[in-house]
Protein chains: 2
Amino acid sequence: MPAISADKGEGCGCVMQYEAIDLEKKIRDASLRPTKQRLALARLLYAEGNRHVTAERLHAEAMEAGVAVSLATIYNNLHQFTAAGLLREVVVDSSRSYFDTNVAPHHHFFHEKSGALEDIPKSALTVDNIPALPAGTEVSSVDVIVRINDTRG
Amino acid sequence: MPAISADKGEGCGCVMQYEAIDLEKKIRDASLRPTKQRLALARLLYAEGNRHVTAERLHAEAMEAGVAVSLATIYNNLHQFTAAGLLREVVVDSSRSYFDTNVAPHHHFFHEKSGALEDIPKSALTVDNIPALPAGTEVSSVDVIVRINDTRG
DNA sequence: TTGCGTATTTGAATTATTATAAAAAATACT
DNA sequence: AGTATTTTTTATAATAATTCAAATACGCAA
Ligand SMILES: [Mn+2]
Ligand SMILES: [Mn+2]
Ligand SMILES: [Zn+2]
Ligand SMILES: [Zn+2]
């Protein structure tokens, strides 16, 4: 019997292992427990690059990935992640909420037909000369949405 | 008995009369029928200066004004007005839609606590260096929302 | 005026989301 | 380990915003 077990059939598991630890730490640092569901959602959200997802989409992906997770749990976790600064909500469509894994300040292209969002790095766009704010208020964020459509030729 | 009646208690009524004709024309020009409900809503929306309203708020105002109109009718009319270019929808809150009587391009302050919107004239703010659009697309609109909160001292 | 096609209104249904509350899972403590 | 404490999940119900579709009102021709 070998000293190093591989009984989960995932090869040496090095990369998976590091990623798993990474996500588990991310969750623990947010004072949340790394449950099976939470880890699965974190994996879907953060495994590869930044993403913009709706609750419905994330739910569908979890199902596809064979993780049985209720829609209520999806909402709970999206909101908990958002409260912890691991996600931010992007308001572009009055009928659904989008959650963004890129929490650094930046802007968006919004493809009105498909509902897809695409990042515009903060440095790639200039917002200048914001007029004086109403008295007693301060800026919480400046959001630019460039709504786009297929060219009608 | 005086020759000029004042039985509605609204003075000579000249201004009201002109305003009514104005709104009726606005509605007719949009190929819509100037129904009692539609005229009442138009009056609430356009009687004095630009406004930002939610369906719920407009409904409450109609009730207050003694016009019995269903919420469905409010939505129908807000959408019809929007389609006709008499209103535009502003997306700032993922849970409700705002409709703006100012259809010229401009931006907004959004007071997160109260839900109030305030115009920023287009000329008062510069959006520059928008990066290249995804291929085959064109800009439909550029929306800037400056989210503000009460200063926490 | 009456009848007919279309526009409009509105009660009812649908959708996205949130709340509740009881069971299950994770952690803490011994 | 075994047990207590807390967090999480999830079925289910509730809610709020919005949309649908049946019924009504309107505009116009005969
Ligand atoms: Mn939310
Ligand atoms: Mn809408
Ligand atoms: Zn983004
Ligand atoms: Zn405005």
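Naming convention: chains lettered A, B, ... in sequence-line order (proteins, then strands); numbering from 1 in each chain. Keep in mind that the numbers below use all heavy atoms, side chains included, and drop hydrogens, waters and symmetry copies.
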Return the polar atom pairs (N/O with N/O) between nucleotides 5-8 of chain D and the protein under 3.5 Å, or none.
{"from": "D:dT6", "atom 1": "O2", "to": "A:R33", "atom 2": "NH1", "distance (Å)": "3.0"}
{"from": "D:dT7", "atom 1": "O4'", "to": "A:R33", "atom 2": "NH1", "distance (Å)": "3.0"}
{"from": "D:dT7", "atom 1": "O4'", "to": "A:R33", "atom 2": "NH2", "distance (Å)": "3.4"}
{"from": "D:dT8", "atom 1": "OP1", "to": "A:R33", "atom 2": "N", "distance (Å)": "3.1"}
{"from": "D:dT8", "atom 1": "OP1", "to": "A:R38", "atom 2": "NH2", "distance (Å)": "2.4"}
{"from": "D:dT8", "atom 1": "O5'", "to": "A:R38", "atom 2": "NH2", "distance (Å)": "3.2"}

* Could you list by number each residue of residues 58-69 of chain A showing a heavy-atom separation from DNA chain D of less than 4.0 Å, or answer none if no residue does? =>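 The answer is A:A68, A:V69.
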* To do: Could you identify which residues cluster with B:I120, counting Ile, Leu, Val, Met, Phe, Trp and Tyr as linked when any side-chain heavy atoms lie under 4.5 Å apart, either directly or through a chain of such contacts?
  =>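 Cluster partners of B:I120: A:F109, A:I120, A:L125, A:V127, A:I130, A:L133, A:V139, A:V142, A:V144, A:V146, A:I148, B:F109, B:L125, B:V127, B:I130, B:L133, B:V139, B:V142, B:V144, B:V146, B:I148.
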* Remaining members of the apolar cluster that contains A:M63, side-chain heavy atoms under 4.5 Å ->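 Listed partners: none, A:M63 stands alone.
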* To do: For A:R51, enumerate each residue passing the salt bridge (Lys or Arg N to Asp or Glu O under 4.0 Å) test, keeping only those at least two apart in sequence or located in another chain.
  =>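 With neighbours one apart ignored, the set is A:E61.
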Using side chain to side chain donor-acceptor pair (under 3.5 Å) as the criterion, list what pairs up with [X], not counting sequence neighbours.
X      : result
A:R28  : A:E24
B:T126 : A:N129
B:K122 : none
A:E112 : B:S140

Below 3.5 Å between N/O atoms, which protein atoms pair up with nucleotides 14-17 of chain D? Just atom names and distances, please.
{"from": "D:dA17", "atom 1": "OP1", "to": "B:R96", "atom 2": "NH1", "distance (Å)": "2.9"}

* So which pairs with a foot in residues 31-41 of chain A pass salt bridge (Lys or Arg N to Asp or Glu O under 4.0 Å), sequence neighbours left out? ->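 Qualifying pairs, neighbours excluded: none.
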* For B:H52, which residues count as a ring pair (Phe, Tyr, Trp, His ring centres under 6.0 Å) partner, sequence neighbours excluded? ->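 For B:H52, the residues satisfying ring pair (Phe, Tyr, Trp, His ring centres under 6.0 Å) (neighbours in sequence not counted) are B:H108.
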